[in-house]
Amino acid sequence: MGETVAGIVANPASGRDIRRLVAQASVFPTAEKANMVQRLLAAFAVTGLDRALVSTDLGGISASVLRALGRGDSGPKVDFCEDDALTGTAADTTNAVRRMVEAGAGVIVVLGGDGTARVAAAACEDVPLLALSTGTNNAFPQMREATVAGLAAGLIATGQIDPDLVTHRVSLLEVVTKARREIALVDVCVSLSRHIGARALWDPSSLTELYCTFAEPDGIGLSSVPGQLCPSPRSSPDGVALQLGPVGETPYVVHAPIAPGLVRPVGVRGWGLLRPGVRVELAAAGGVIALDGERELELKTGESAFVELKPDGPWVVDVRAAMAEAARKGLLRTDTEPGKERRR
């Protein structure tokens, strides 16, 4: 086996959208994101990883990590993705992930929210993703301690754990317009709004259609709406489709936690299964399409678009399964008395 590599992408902009102003969401400051990167690196060192590639940013995360590396801590060789000019946009995540794929990364850890995970998923090809939550809405990323996530990622990247045993492929939603193709990992919705404006969605009153890859009763964001009506686990190959409308004009109203601290009534006209491979025309002409809770696509009057549920999303690391496999194989244990059964 050649050099073992893992990637870390930390989005400095995650958790800074308008929902921070209208809700009581948690805050992940730059210092904490930098600390999480350092905890990941410390865990990588225990697993014997050779090299870690870390994204650079304009927000101060990579600068803090670089300063910390001067303290003489042992661990993997750390390189920063510095070949692409920083833009302060999602392109920085895309470029960093592509560099990590080219470098042969065995796993990529992403610090951000649903939007960051979506951008990373579009560029990671078949490299497993481990998305850690540092955003506002976090239906897709995991709320995990970075140290434990780093151990799981490092053991996979070094080949000590077979990724086929502890990763699974998730579904995605593909949205196609005349000019663009985009994906979503959690939900796609149609809004009557004429312009994107503030990207994050926090007022559901203008929404008309909602499509989700999964719907959990304890979820956050728009997927929490079907989570209370027609729950669908992440393991299901099917998604869900909802027709929405103004409260007072619909037969169902769900009080949904669409953001931390923000529970809003959402009117629902009806719902049904969303089958893989079936293209659904969106009634979004002249409106806006949001992907994973962020308004992304403006459609001109008469312009068509469709959404399709596809089974070939990114490979995702199951941290719990990885750590269980590590325990089964004794990868993080040293037996000081070989041949002697451990007392219970």
Side-chain angles (χ1 to χ4, degrees), residues 9 11 13-14 17-18 87-98 101 108 110 112-127 129 131 135-141 169-202 206-214 221-223 239-242 244 274-316:
V9 176
N11 181 6
S14 64
D17 59 53
I18 193 173
T87 65
T89 69
D92 295 341
T93 294
T94 299
N95 291 336
V97 170
R98 285 176 176 166
V101 172
I108 298 174
V110 180
D114 289 334
T116 310
R118 178 177 68 84
V119 173
C124 72
E125 300 182 9
D126 285 335
V127 179
L129 279 184
T136 303
N137 271 24
N138 302 288
F140 185 82
R169 194 154 215 167
V170 299
S171 299
L172 59 75
L173 293 163
E174 181 182 67
V175 177
V176 178
T177 69
K178 182 179 180 180
R180 293 174 63 178
R181 171 194 175 276
E182 297 286 350
I183 67 167
L185 297 176
V186 183
D187 55 64
V188 169
C189 72
V190 176
S191 170
L192 295 174
S193 301
R194 303 287 295 180
H195 304 288
I196 290 176
R199 289 186 177 274
L201 280 173
W202 58 275
S206 65
L207 306 183
T208 59
E209 300 173 62
L210 175 62
Y211 304 88
C212 300
T213 57
F214 60 86
L222 293 176
S223 67
V240 293
L242 286 79
L244 308 179
L274 181 63
R275 301 289 189 183
V278 178
R279 290 188 173 186
V280 179
E281 289 283 341
L282 299 177
V288 169
I289 300 174
L291 310 173
D292 291 338
E294 296 182 345
R295 286 176 280 235
E296 189 73 26
L297 303 171
E298 290 183 3
L299 296 185
K300 299 177 182 178
T301 302
E303 186 177 355
S304 63
F306 68 81
V307 63
E308 180 181 346
L309 180 67
K310 308 188 80 170
D312 56 349
W315 291 94
V316 174

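Along the sequence shown, residues carry numbers from 1.
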Quiz prompt | All side-chain contact (heavy atoms from CB on, under 4.5 Å) counterparts of Val101, not counting sequence neighbours | solution = Val97, Ile108, Glu125, Val127
Quiz item: So do Val240 and Leu274 actually touch side chain to side chain, heavy atoms under 4.5 Å?
Solution: no
Practice problem: Evaluate the criterion side chain to side chain contact (heavy atoms under 4.5 Å, CB included) for residue pair Phe214 and Val170; output intermediate values, then yes/no. | Solution: CA-CA 10 Å; Phe214 60 86; Val170 299; over 6 Å; no
Exercise. State which residue, out of Val190, Val278, Val280, fulfils the side chain to side chain contact (heavy atoms under 4.5 Å, CB included) condition with Val307.
Key: Val280
Quiz item: What is the distance from atom CG of Leu297 to atom CD of Glu182, rounded to the nearest 0.5 Å?
Solution: 5.5 Å
Exercise. Determine, step by step, whether Leu291 and Val188 satisfy the side chain to side chain contact (heavy atoms under 4.5 Å, CB included) criterion, reporting the C-alpha distance in whole Å, the side-chain angles of both residues, the deciding distance to 0.1 Å, and the verdict.
Key: CA-CA 5 Å; Leu291 310 173; Val188 169; 3.9 Å; yes
Practice problem: Dump the intermediate steps for side chain to side chain contact (heavy atoms under 4.5 Å, CB included) on Arg118 and Asp114, then the final yes or no. | Solution: CA-CA 6 Å; Arg118 178 177 68 84; Asp114 289 334; over 6 Å; no
Quiz item: Taking the side chain from Arg169 and the backbone from Gly313, do they hold a donor-acceptor pair closer than 3.5 Å?
Solution: yes
Exercise. Using modelled atom types only, decide if a donor and an acceptor are shared between the side chain of Glu209 and the backbone of Ala283 within a distance under 3.5 Å.
Key: yes
Quiz item: So, Asp292 side chain and Gly115 main chain: donor-acceptor pair closer than 3.5 Å or not?
Solution: no
Practice problem: Might you work through the side chain to side chain contact (heavy atoms under 4.5 Å, CB included) test for Glu296 and Arg180, ending with a clear yes or no? | Solution: CA-CA 11 Å; Glu296 189 73 26; Arg180 293 174 63 178; 3.3 Å; yes
Quiz item: Is a donor on one side and an acceptor on the other found under 3.5 Å between the side chain of Asp92 and the backbone of Thr87?
Solution: yes
Quiz item: Can you check whether Leu185's main-chain N or O pairs, donor with acceptor, with Thr213's side chain at less than 3.5 Å?
Solution: yes
